[in-house]
Novice: 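Would you mind keeping the following structure in view while I ask a few things?
Read the numbers this way: they start at 1 and go in the same order the structure lists the ligands and their atoms. Values in this document were obtained by computation on a predicted structure and should not be read as measured data. When a residue number appears, it is its place in the shown sequence, counting from 1.
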Amino acid sequence: MEGLSYRSIADYTKAKEQASAQPEVFWENIANQFEWYEKWDKVLEYDFHTPKVSWFLGGKLNITENCLDRHLKTQPDKTAIIFEPNDPNDAAQHISYSELHSRVCRAANMLKANGAKKGDRICIYMPMTPELAIAVLACARIGAIHSVVFAGFSATALAARINDAECSILLTADGGFRGAKVTPLKDIADEALTSCPSINNCIVLKRTGQDVSWNNMDLWWHEELEKVNDNCPAEVMDSEDPLFILYTSGSTGKPKGMVHSCGGYMVYTAYSFQNVFQYQKGDVYWCTADIGWITGHSYIVYGPLAVGATTVMFEGVPSYPDYGRFWEVCAKHKVNQFYTAPTAIRALQKHPVELVNKHDLSSLKVLGSVGEPINAEAWHWYDKHVGKHNCPIVDTWWQTETGGILITSLAGVTPQKPTYATLPMPGVQVVLLDNEGNEIEGETEGILAIKHPWPSIARTIWGDHERYKNVYFSAYPGYYFPGDGALRDAEGNFRITGRVDDVVIVSGHNLGTAPIENALNAHESVVESAVVGFPHDVKGNALHAFVIPNAKVESNKLTDELRALVSKTIGPIAKPDRIQVVSGLPKTRSGKIMRRILRKLASGEYDQLGDVSTLLNPEIIEEIKRNS
Ligand code: PRX
């Protein structure tokens with residue numbers, strides 16, 4: 001989509017100027033690059049107080065028409081998806097746009113034949129095979145709302161997400177390959193479905209071939225596909241109809257089902273994909289994320305396919321069969337744009353550089369980073385050993401809630417600065433606030449906030465608009481509040497300093513501490529717990545849990561049980577690295593846990609505890625230090 005691209009700093013500057021002078025004209029010009037059944041009556045309506053945001057009002061479209069059908073006219077044989085399996089000895093698959101179109105339509109008919117219709121919620125709990133992307137697109141084709149749950153989540157977490165959205169169908173697989181491990185997805189799904197009354201059908205992809213138990217509502221994917229054809233006209237969707245729900249951790253209580261809508265999400269993901277990565281015709285682009293996270297939704301599936309790109313889907317992990325796998329895959333598929341997370345870079349950096357050097361990385365043009373701040377050491381290693389000082393690095397800041405990348409450099413077009421995400425995309429108005437909510441100018445540090453909507457902002461939290469208002473629009477009225485702090489340099493570049501709430505980013509995954517505390521507190525021997533993050537050299541942050549037991553317990557046994565409990569309740573990614581049994585937690589006189597102090601204690605920054613004399617129980621500090 002050439003019309004979307006800024007190829008020079010002059011184009012970029014012009015776009016920025018137009019976006020701030022006439023935001024609606026700016027976005028309308030971008031939206032005009034897509035195929036709509038009917039154009040909108042109005043570009044934007046919003047009120048950050050209510051809050052309500054609508055884009056391209058009255059516009060009618062189907063995102064799959066833009067991601068698939070449109071390309072059949074110009075490039076039917078171009079590879080849409082390159083699938084690289086977990087086992088390097090298995091053949092990669094190249095799926096053309098016409099084959100993808102046919103497979104999506106057939107899968108869409110399979111869903112329809114099993115009762116799915118526009119507006120229904122369909123849960124997808126699948127490994128990273130092409131059928132996962134096909135499932136997502138098949139839902140979009142018929143206007144069903146997909147809710148992808150990362151295939152590393154536990155049965156309890158899966159059930160909670162299915163129930164929150166009242167999904168009617170579950171799409172899963174017998175199992176999933178990830179490195180040397182095989183995850184028994186069907187067994188986990190079976191356990192979840194014992195408490196999910198809304199599910200009518202469970203359609204199971206055969207991936208690993210392992211034995212599975214079979215229930216009344218279970219159907220084999222391949223058998224269901226045989227019953228239908230591949231003719232499936234796209235459902236006409238309103239621009240503001242929900243496209244998908246994706247759950248993300250909150251700082252309190254249950255996960256938040258962020259709702260993204262069809263029109264704005266399509267426009268923004270394609271626009272940002274094109275400009276950030278500077279994708280050119282014929283390039284091969286690879287984002288190593290899982291489709292279970294927003295990065296996979298926006299920058300493996302929708303953004304790349306909307307612009308007609310070739311996107312790589314990788315089933316495996318960076319360490320299997322060895323720590324050179326990423327680079328082997330880059331060389332094998334002649335990858336041009338490579339997008340990964342700092343946690344992966346830090347893990348790979350610990351292994352001999354020979355594992356990078358032995359692969360031919362000369363195809364690489366652009367490197368990307370996402371999910372957490374990239375530290376200087378990782379940035380320079382990435383630049384030197386992977387990019388050979390020859391590839392711009394885009395450090396992309398965004399969130400599940402934002403739908404697309406908001407702060408970043410544009411590869412080779414705007415300047416980069418190590419550890420800085422740099423500048424907002426044209427059309428995105430980022431400001432820094434002080435604690436009272438006043439905008440602060442110039443070179444300074446503050447709370448990141450956004451003062452005008454962009455098309456892919458999440459529209460609500462599924463079933464809980466009040467929470468959407470409270471979390472994102474109440475702390476600083478009139479602004480969208482993402483929950484991050486940032487520094488700004490004299491040139492206006494932003495460096496994200498981290499969360500300002502009780503969310504910890506572990507290996508690039510957003511984990512609320514409250515749900516982990518709830519899981520710990522569910523153990524019969526636990527009275528109270530507090531979980532905080534501490535710096536970790538590979539994961540960025542890791543979790544430290546402070547736990548008060550109700551009686552004398554054997555601490556090793558308890559900590560093993562607690563790890564298992566968190567793994568079962570949420571998933572292995574949420575297991576604390578450290579669990580410390582304590583007799584009390586530092587509290588204010590009103591009984592509030594002083595997390596700031598716990599964070600310092602967990603990080604070993606004993607000299608930065610500040611004044612602890614006002615605590616209800618200052619003596620607890622010494623005990624925690626002694627036993628840490
Ligand atoms: O704290 C920021 C961090 O990840 C959070 C969003 O997490 P999630 O919704 O899981 O989405 C991750 C993938 C987009 C943000 O609030 N974060 C994300 N990207 C960066 C980042 N922190 C610093 N630099 C980044 N590039």
Novice: In the protein, what heavy atom is nearest to atom 13 (C) of ligand 1, and what distance, to one decimal place, separates them?
Specialist: Thr295 OG1, 3.4 Å

Novice: Would you check whether Gly371 reaches within less than 4.0 Å of ligand 1, judged by its heavy atoms?
Specialist: yes

Novice: To check your reading of the model: name the closest protein heavy atom to atom 5 (C) of ligand 1, its residue, and the distance in Å.
Specialist: Ile505 CD1, 3.7 Å

Novice: For the residue pair Trp27 and Tyr268, does the interplanar ring angle fall in the parallel (under 30°), tilted (30 to 60°) or perpendicular (over 60°) class?
Specialist: tilted

Novice: Report yes if Asp484 has an N/O atom closer than 3.5 Å to an N/O atom of ligand 1; otherwise report no.
Specialist: yes

Novice: Going by the atom numbers of ligand 1, which of them fall below 4.0 Å from some non-hydrogen atom of Thr396?
Specialist: 19 (N), 20 (C), 25 (C), 26 (N)

Novice: Is there any side-chain hydrogen bond (donor to acceptor under 3.5 Å, both in side chains) pair reaching into residues 532-543, and which pairs are they, with sequence neighbours excluded?
Specialist: Lys350-Asp537, Lys539-Asp577

Novice: Among residues at least two apart in sequence or on other chains, which ones pass salt bridge (charged side-chain N to carboxylate O under 4.0 Å, His left out) with Asp383?
Specialist: none

Novice: Looking at Lys52 and Glu240, does any basic side-chain N land under 4.0 Å from a carboxylate oxygen?
Specialist: no

Novice: Taking all non-hydrogen atoms of both residues, which atom of Leu137 and which atom of Thr64 are closest, and how far apart?
Specialist: O-CG2, 3.3 Å

Novice: Please evaluate residues Tyr339 and Thr295 with respect to the criterion side chain to side chain donor-acceptor pair (under 3.5 Å), reporting the C-alpha separation (whole Å), side-chain torsions for both, the decisive distance (0.1 Å), and the verdict.
Specialist: CA-CA 10 Å; Tyr339 190 30; Thr295 309; 5.5 Å; no

Novice: Give the residue, atom name and distance (to 0.1 Å) of the protein heavy atom nearest atom 6 (C) of ligand 1.
Specialist: Trp398 O, 3.7 Å

Novice: Nearest non-hydrogen atom to atom 21 (C) of ligand 1 belongs to which of His509, Glu372, Lys256?
Specialist: Glu372

Novice: Can you list the ligand 1 atoms lying under 4.0 Å from a non-hydrogen atom of Val370?
Specialist: 13 (C), 14 (C)

Novice: Can you pull out the closest protein heavy atom to atom 9 (O) of ligand 1? Residue, atom name and distance to 0.1 Å, please.
Specialist: Thr400 OG1, 2.6 Å

Novice: So Tyr480 and Tyr472, would you call those rings parallel, tilted or perpendicular, with 30° and 60° as cut-offs?
Specialist: parallel

Novice: Considering only protein heavy atoms, which is closest to atom 10 (O) of ligand 1, and at what distance to one decimal place?
Specialist: Asn510 CB, 3.2 Å

